[in-house]
Every structure is written in structure tokens, then in C-alpha cells.
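Only one structure is covered here, and it is reproduced in the block below.
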2 protein chains.
Amino acid sequence: MRIAELSRRTGVPIPTIKYYLREGLVPAGERTGPNQAQYGEAHVKRLKLARALVEVGGLSIASAREALRLMFSAGLSELDTIGKAQYAMTPAREYMEDEAWDEAVAEVDELIAKRGWRVKPANPARRTLADALATLRRLDQDDYFELLDSYAETAERLAADEIETVTRRGDVDSVAEAVVVWTAVGDTVLASLRRLAQEDKSTRLLEGS
Amino acid sequence: MRIAELSRRTGVPIPTIKYYLREGLVPAGERTGPNQAQYGEAHVKRLKLARALVEVGGLSIASAREALRLMFSAGLSELDTIGKAQYAMTPAREYMEDEAWDEAVAEVDELIAKRGWRVKPANPARRTLADALATLRRLDQDDYFELLDSYAETAERLAADEIETVTRRGDVDSVAEAVVVWTAVGDTVLASLRRLAQEDKSTRLLEGS
DNA sequence: ATAAAATGGATAGCATCACTTTCCACTATC
DNA sequence: GATAGTGGAAAGTGATGCTATCCATTTTAT
């Protein structure tokens, strides 16, 4: 298969495929001449995957490359991939380190301890969460405190279901792929469902009054 | 208060404040001379809000402006704000309309019907969700089907808690503000917690084997 | 056999976005 | 009266994610 068919099969324009090749999101095809190369099913899959991470998951090209790299790097245990892939998927941000920040960090630690979660200190989700909580505090949206437990409970149940489903797969590669896809696309699914449910609840409340 | 103090109080650089003023994220101050204006507490609050939507919520400047506009526009019922604000917060995307897309749209309709959710056809979360599901299908990640119910259940419970907490507030403005902030920042909180819970579950599974 | 189309690869260009910088006439403060 | 700060306009910047152009070389169609 050459580039035109790769484009047709995936819906990705040829110039974009060339760009992704340059950026290392998709490996080069097998060279058969000075200006000829062959692509296979693996390239189709990889390209679809890259597109999903970038378009639906909202990852940057750099993050997507890193996630894909980890996904296909041998030597990692299946579940180790989860951590690594997650870390790659969190974009770096700068945080405002004030009083609200310190309190938020403490709150996150407390929540993790209370739940008994085993989370490495390096997990970037800690900081992202702390940043979000600090922001809410700075806006005097302190009601979040009572909802936080509900959120955590929810997240825990979800994670249990997800891990269970994902590990039910056979081979390592398949698990790795599922983890990456689910982490990235799952956020969008969850956020959408939350919005739909919110509209429903608010509509009902509106009618009831 | 003049711009320097506004900057000090919020941590937002002066040029950025000027930019936000130009873009209409923050209303102009009260003019007291050809090159003098006064800002008040309302400006501080609005600026913090704008920053939160952009930085933590990841909204574009245009989306943030629209969300803020709706938030402070009179004449909307409290809960009507939820819908309007949500719509403003969903960025427009193009969708690949193939077979997987059609099936995904049908699936979303089915899910909404099954749950008995009352959701307007115009709600952009429908399309976002369909797009995500279509993507998973195109990647042959069909296991999502069995998890979808779990996700929906989760979203519903969350929404119930959120609406309840938010409407417990007194005035309309306060509700509107909470809705916008929670919609935007809540996504981040939820996503972070999900990642933390995932690491915990996978760590435990790894140790158990 | 030959003309037209496609290929891989390199390089440069482009549009968007979210700011920054620079400039200005003017005002406030030391 | 010097210095710093102000609001506002306009132009500039850096990052990002593509597109467009060009080229020598196949491949395909006629």
C-alpha cells in the first residue's frame, strides 16, 4: 500500500500523513526504491490511533508521539503502561503557588490518603487536581469540598470497571493500546455524558418548580 | 483601583489584562479622564473567573467570552443558564460522517432514550459523544459498549449531586457563576481523579499477581 | 513508447491563537 | 519638575498544526 491508499483508508489528507511521518507519530514505510515505500495494516492502525489522540483526545503532537512510543515499546509490564502513558498525556503547566495552592495540595494528599489510594508522588494528575481545587478556592467556590467525595467515589468505581475491562484482553499490545485510547478518549466520553445528564437534571428541576 | 492593583490582586500581567479588556472578557473600567479609569471588586472577580475558564478549563478566548456574557446576562432563568453556558463551552469541530458515525449517533440516541434523559437535539454534547464513540468503533475498541452504561450511571449521579449543590445557593448570579465554573473546572477535576484512581487500581492488580 | 499522474522527501509558507511589545499623549506621584 | 504609571491603539511574537511548492524519480495509462 502506498500513501494514497493509506490516506483513503484513514481519511487523513496526504500532506498531514507526511507531517505525521516527519514528526514520528507514524513510522516510516518499508523502502523499495529512492522514492517508493510500502505501508501495511500496522500503519493504518497507527495512523488512526494518532488521529484519535490528537483530534478527540486533544493531545498535542508531542504528547501523542510520546504516548504512542510508550504504547509500542516492549519491556514494560502491561500495567506499567498505564502510568507511563498517563504521564505522557498530561501537558505541563505552570502553577500559581500561593496560599490556596498549598491548601489544595494538602487537600489532595488528604483525599488520596483517606481513600487509601496508592499513587506515586510524581503522578502529574496530583498537580492538575491541586491546581483545579486551588482555582475553585480562589473563586470562593468552596462548595466543591462536599462534592469532592462524590467525585472521588465516582472516579474509583469507573477506574475499577475500566481496568477490569481492559485487562480482560489477551495480548500485551492490545492492553497497552486500550489503555492509551481509553485514557484519552474516555475523558471526552465522560465529560459529554456529564453535560447531557446535567441538562436532564436541570430540565426536570425547572419543570418541577 | 487602577490596572496595576488589578494585576497585583489577580496575578494576571498588565498586558494580558489589556488584552482581555479588548477581547471583552472583562468590562471596561469607569472612565475618570482621557487616560484614567477605575476598576472595582467586580472587575477583580470577573478577571479571576476569565483566567480560570481559560487556564484551567481550557476554553478559548472566544468561548470564555461567550460563557461569561451568558453568565451575567439578565433575563435567563437560573437553570436555563446551564444549557446556554454549556453550549458556549463546546468548541466546534468537524466530524467524519461515515458508517461508524451513523451508528454512534444512533447509539447516543438510544442511550439517552434508555436513560430517559431529556436532552435537546441541539445539545452539542450529543455530537461530541457520538464523535468519541465513532472513534472508538473505528479503532475496534468495541468493549466500550459494556462500559457505557457504567459511565452514564456515573454521570447521572454526579449531575444530580452537582445540580443539588449549585441550586442550594441564594441568588441567581451566584448560581450562574457556579454553573459556569463547575462545568469548566469540573471536567478537569473529574479527569484528574480518574487518573489517580486508575493508577491505584492498576498498582493493586500488579501486586496481586 | 510516451505522456500523465503519483510518490517520497525536503523546504518553505500559512492561519490561528494567545499573548507581548511598542508607542503615544496624558496623568499621578514623589 | 522629574519620574513613573495610565489607557488605548497597533504592530510584533512564538508556538502549533498543518499546507503548499518543488523536485527527481517511479508508476500507470494510453
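Chain A is the first sequence line, chain B the second, and so forth, proteins listed ahead of strands; every chain is numbered from 1.
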Have a look at B:Arg65 and say if it touches a base, only the backbone sugar-phosphate, or nothing, with a 4.0 Å heavy-atom cut-off. nothing
So what does A:Arg8 touch, heavy atoms closer than 4.0 Å: a base, only the sugar-phosphate, or nothing? nothing
Applying the side-chain hydrogen bond (donor to acceptor under 3.5 Å, both in side chains) criterion to A:Arg195, which one of B:Thr128, B:Asn123, B:Asp187 satisfies it? B:Asp187
Rounded to whole Å, how long is the line connecting atom [atom1] of [X] with atom [atom2] of [N]?
| X | N | atom1 | atom2 | answer |
| --- | --- | --- | --- | --- |
| A:Glu30 | C:dT7 | CD | P | 18 Å |
| B:Glu5 | C:dA28 | CD | P | 16 Å |
| A:Leu6 | C:dA6 | CG | P | 16 Å |
| B:Glu23 | C:dT20 | CD | C1' | 14 Å |

Evaluate B:Asp200 against A:Arg115 for salt bridge (charged side-chain N to carboxylate O under 4.0 Å, His left out), listing each step before the verdict. CA-CA 10 Å; B:Asp200 172 60; A:Arg115 287 258 143 206; over 6 Å; no
Is it the case that the side chains of [Y] and [X] hold a donor-acceptor pair, with the cut-off being a distance below 3.5 Å and no angle test?
| X | Y | value |
| --- | --- | --- |
| A:Arg31 | A:Gln36 | no |
| B:Ser150 | A:Asp161 | yes |
| B:Gln86 | A:Glu199 | no |
| A:Glu107 | A:Tyr144 | yes |

Can you say whether the rings of A:Trp101 and A:Tyr95 are parallel (under 30°), tilted (30 to 60°) or perpendicular (over 60°)? parallel
Quick one, A:Leu111 with B:Leu193, criterion side-chain contact (heavy atoms from CB on, under 4.5 Å). Give me CA distance, side-chain angles, the key distance, then yes/no. CA-CA 10 Å; A:Leu111 178 75; B:Leu193 285 169; 3.6 Å; yes
Could you tell me whether the phosphate oxygens of C:dC19, OP1 or OP2, come under 4.0 Å of any side-chain nitrogen or oxygen in B:Tyr20? yes
Looking at B:Leu129, B:Leu148, B:Val119, which one forms a side-chain contact (heavy atoms from CB on, under 4.5 Å) with B:Val108? B:Leu129
Along DNA chain D, first and last positions that approach a heavy atom of chain B under 4.0 Å: D:dG5 to D:dA10
Please list, pair by pair, any protein nitrogen or oxygen found under 3.5 Å from a nitrogen or oxygen in nucleotides 8-14 of chain C.
unit_1	atom_1	unit_2	atom_2	d
C:dG8	OP1	A:Ala37	O	3.1
C:dG8	O4'	A:Asn35	O	3.3
C:dG8	N7	A:Lys18	NZ	3.1
C:dG9	OP1	A:Arg31	NH1	3.1
C:dG9	N7	A:Lys18	NZ	3.2
C:dG9	O6	A:Lys18	NZ	3.3

Comparing A:Tyr19 and A:Gly33 on DNA chain D - which has the more 5′ nearest nucleotide: A:Tyr19
